[in-house]
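Chain letters run A, B, ... following the sequence lines, proteins first and then strands; every chain starts at 1.
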Amino acid sequence: MKLLKIEDNAGWYVNDQGDFVPIDKITKQDLLRLVGLILAEETEIDKFDAEAIKKQAHQLIYKNISEKLGDLRERRQEFTDESDRLYLEAHEKYRDTSSQQKDSPDS
Amino acid sequence: MIENVEYRAIIEKHVDVDSLKRLAVELIELLWEKKLDGKKKRFVNGLVRDIREGLRRRTSAVQLKDVGLYEVSLKERKVERFSEIVKWLQKEATISEESIQGFRILATKGSFEGAGEVKSASRIKTTFRDAFEQYEYPYEYLQRLLAKEDLSRSELYKLFTKITYKILNADGFEVSGGERSEFRLLQEIKDAQNYDMLLLDEPESSFDNMFLRSDVNRMVKEVSEIMPVVVVTHNSTVGASVGGDYLLYASKEIEGKDVVYRVYAGYPTDSSLHSVDDKTINNYLITLNTLEAGQEAYNDRRGRYEALKNRR
C-alpha cells in the first residue's frame with residue numbers, strides 16, 4: 001500500500017478513506033495511523049526529491065515524514081520487538097496453561 | 001496468587017487459578033498494546049516537533065506559543081477554590097476550646113475589621129490600607145500582600161483570618177486583669193516541669209489568699225515532689241499554708257555601726273534557727289513576726305476571730 005507520493009509538484013499522503021490529500025493537511029491522528037500501517041503491513045513511500053516538490057512547506061513536511069517513516073519501516077522489527085516486553089516470561093507460561101484449558105472439551 | 005504455595009488450598013477454594021492465568025495473559029497483552037501505543041505516539045510527537053521547528057525557521061511571522069487552555073481553566077478553578085476556602089475561614093466560629101485549671105481558653109476565627117488589625121497581625125511596620133481594600137476578594141488581596149516586599153511569605157496565612165484567644169473564668173465570663181495574672185502564674189508553675197528549679201518571688205503581691213491557698217499551693221506542692229521549690233514571701237498566709245520543708249530567714253541586723261545580713265536556717269518544727277556564724281533566733285517569734293505581723297497583732301487578731309466565732 002502506498003502511503004506517501006509526489007505528484008503535480010506536491011507531496012501527498014493517504015487518508016483513512018484511501019484518498020490522497022496534500023501533505024500540509026496532515027494531522028497527528030493521520031500520522032499515528034500511518035505509523036500503525038508501517039508496522040503492520042508492507043508499505044510504499046515515494047522517496048523525497050527536492051526538485052519534484054515546489055512549495056517549500058511541502059518540501060519540509062514531506063522530507064521529514066518520508067524519511068522518518070522510511071526509517072521506521074527499516075527497523076519495525078526492533079520497534080515492536082517482543083524480547084523487551086514486560087512480563088514476557090509470565091505471559092508464555094500462563095498462555096500455555098490457559099490455552100490448554102480453553103481447548104479442553106470439558107472446560 | 002497464581003504462584004503462591006503457602007495459601008494454595010485457600011486460594012483454590014475461592015478462585016479458579018486457571019481463570020487467573022487467563023486474566024494475567026489478557027492483562028499483559030493489554031499492557032503491551034498500551035506500551036506500543038505510547039511508543040508510536042512519542043514517535044509521532046517527535047516528528048511533529050521537528051516539522052514545526054523546521055517551518056518556524058522559514059517564516060518571519062511571529063509564532064504563537066502553545067496555549068494550554070486546560071492549564072488556564074485549572075488555574076481559574078484554583079483561584080475560585082482559594083476564594084471559597086478563605087471566605088469560609090473568615091466566617092465567625094469557635095475553632096478550639098481548652099480547659100486549663102478552671103479557666104477556659106477559647107480560640108475563635110473571624111474576619112479582620114480593618115487595615116489596622118491586619119497590620120498588628122503582620123507585626124511589620126507597613127500600611128495595609130491598599131491591600132485591605134481587596135479583603136473581600138481573597139485572590140486580589142493575596143496579590144497585594146505578595147507585592148509587599150517586607151512581608152515574609154510564610155507569614156501570609158495569618159493575614160486572611162483573625163484568630164482571637166479569650167480566657168474565660170469558671171463562670172464563663174472573660175477574665176479580669178487579676179484573673180489573667182492568676183492564669184499566667186498557674187501556667188508558669190505548670191511550665192516549671194521543664195526546668196530544674198522553681199523560684200516564686202512574693203506570689204502574694206497580687207493575689208487574694210483564697211486563690212493562693214487553693215490553686216497555687218496545690219500546684220507548688222505537686223511541683224515540689226519532683227524538684228526544689230523556693231518561695232520568697234513577706235507577709236502572707238503563703239509561707240504557713242504552703243508547708244515548706246525547710247526555712248531560711250533573712251535578716252538585716254545592726255551591730256554597733258555595721259549592718260550585717262544574716263540568713264538563719266532550720267526546719268519549720270525547730271524551736272530555733274541557726275546562722276552560719278552560729279547565731280540563733282527563735283523560730284516561733286520570727287514566724288509570727290513575718291507571717292502574722294508580730295505577737296501583738298496575732299493575739300489581737302486571734303481575739304477578734306474568736307469574738308466573731310462566739311457571736312454566731
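Ring centroids of B/F82 and B/F160 are separated by less than 6.0 Å, placing the two rings close together.
Under the 3.5 Å distance criterion, with hydrogens and angles disregarded, a donor-acceptor pair is assigned to the side chains of A/K28 and B/N45.
The existence of a salt bridge linking B/E92 and B/K109 is excluded, since no basic side-chain nitrogen approaches an acidic carboxylate oxygen closer than 4.0 Å.
Figure legend: A/K68 and B/F43 shown without cation-pi pairing, the cationic atom not lying both under 6.0 angstrom from the six-membered ring centre and within 45 degrees of its axis. B/K148 forms a cation-pi arrangement with B/F128, by the criterion of a distance under 6.0 Å to the ring centre and an angle within 45° of the ring axis.
Contact tally against chain A (heavy-atom pairs below 4.5 Å) for B/K35, B/K39, B/E29, B/E3: the top residue is B/K39. Contacts with chain A were tallied for B/L36, B/D37, B/I28, B/D50; B/I28 has the most, counting heavy-atom pairs under 4.5 Å. Between chain B and the residues A/L69, A/L31, A/L34, the most heavy-atom pairs under 4.5 angstrom are made by A/L31.
Using a 4.5 Å cut-off between heavy atoms, A/L39 touches chain B through its side chain atoms alone. With a 4.5 Å cut-off on non-hydrogen atoms, B/L31 touches chain A through its side chain but not through its backbone. Both the backbone and the side chain of B/K41 have a heavy atom closer than 4.5 Å to some heavy atom of chain A. Of the atoms belonging to B/L27, not a single heavy atom falls under 4.5 Å from chain A.
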Under 3.5 Å, which donor-acceptor pairs do the side chains of residues 136-143 of chain B form with other protein atoms, sequence neighbours left out?
residue: B/Y139; atom: OH; partner: B/Q143; partner atom: NE2; Å: 3.3
residue: B/Y141; atom: OH; partner: B/L159; partner atom: O; Å: 2.7

